[in-house]
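This one's a predicted model, so the numbers in the text were calculated from it and none came from an experiment. Order of appearance sets the numbers: ligands from 1, and atoms from 1 within every ligand.
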Amino acid sequence: MITCKSKRELDCMREAGRIVALCHKEIAKIIRPGLTTNELNKIVENVIINNGAIPSFKGYGGFPAATCISVNDVVVHGFPSEYVLKSGDIVSVDIGACYKGYHGDSAWTYAVGEVSEEAKKLLAIAEQSLYEGLKYAKAGNRLGDISSAIGNYIYQHGYSTPLDFSGHGIGSELHEDPSVPNFGKPGTGVVLKEGMTLAVEPMVHIGTPKIKIMSDGWTAKTKDGSLAAHFEHTIVITKEGYEIFTTIEEETHS
Ligand code: MG
Ligand code: MG
């Protein structure tokens, strides 16, 4: 069931989103070679708790940590660990916070130290694919308009997106209807309505769209070992367009 949120619910989601954005701001500031991904996870967990929220991912379906940290060829759902970051790594940090029962969810991929030209290009295209999709986030448009804009942008640049993972509705549950695929046909899918809250989250691979799941049952890697990036914002659909909850930049409105 797809729900449109009340003003009170949206205010809780705004705060959850702001807390997630604070976490990303902190990660962007401190990420560097020599840190472990466990250390990044701990920083995020502290920011979430110190702001009166709860990490959405910890314990979700048995997930062990507050963040998913996915390095290089890991697409999503990597576990924080004692892995020491090195210059040239790209690191996706996926963060969820629950404030007064409502979730915010945002992933970002960071460059550590000096990364290759190939990695820089991947990050730029993957980040932009999120905003290409959001151009169509507006009441009256259809979900497929967002999905196809994301997918087309990714494919145009010679990259791929895994068919196994999608964005999602979000609210009192971390994952709600509808599913928000990163590929599709314009003019198809549900009609977007004011108050619908979505986590839009393209994942982009340099190589094959195929993935493999590691023996921990969570960690998803690209099958061919190529680099992957992941960018995600939680938004609400408005009459004029959308509002991003998971940012603390000035330009939060379309
Ligand atoms: Mg996420
Ligand atoms: Mg998500």
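Looking at E201 and the Mg ion (ligand 2) together, the shortest N, O or S contact belongs to OE2. Within D105, OD1 is the N, O or S atom that lies nearest to the Mg ion (ligand 1). As for E232, its N/O/S atom nearest the Mg ion (ligand 2) is the one called OE2.
Ion pairing of D11 with R14 is present here, as a side-chain N (NZ or NE/NH1/NH2) and a carboxylate O approach within less than 4.0 Å. Using a 4.0 Å cut-off between a side-chain N of Lys or Arg and a carboxylate O of Asp or Glu, D89 and K86 qualify as a salt bridge. Using a 4.0 Å cut-off between charged side-chain N and carboxylate O, E39 and K42 make no salt bridge.
Counting backbone and side-chain atoms alike, H168 contributes an N/O/S atom closer than 2.8 Å to the Mg ion (ligand 2). The Mg ion (ligand 2) has no N, O or S atom of D94 under 2.8 Å away, backbone or side chain.
For the pairing with H233, the ring pair (Phe, Tyr, Trp, His ring centres under 6.0 Å) check across F245, Y242, W108 returns one residue only, W108. Each of E194, E173, E176 was scored for a salt bridge (charged side-chain N to carboxylate O under 4.0 Å, His left out) with K5, with one residue passing: E176.
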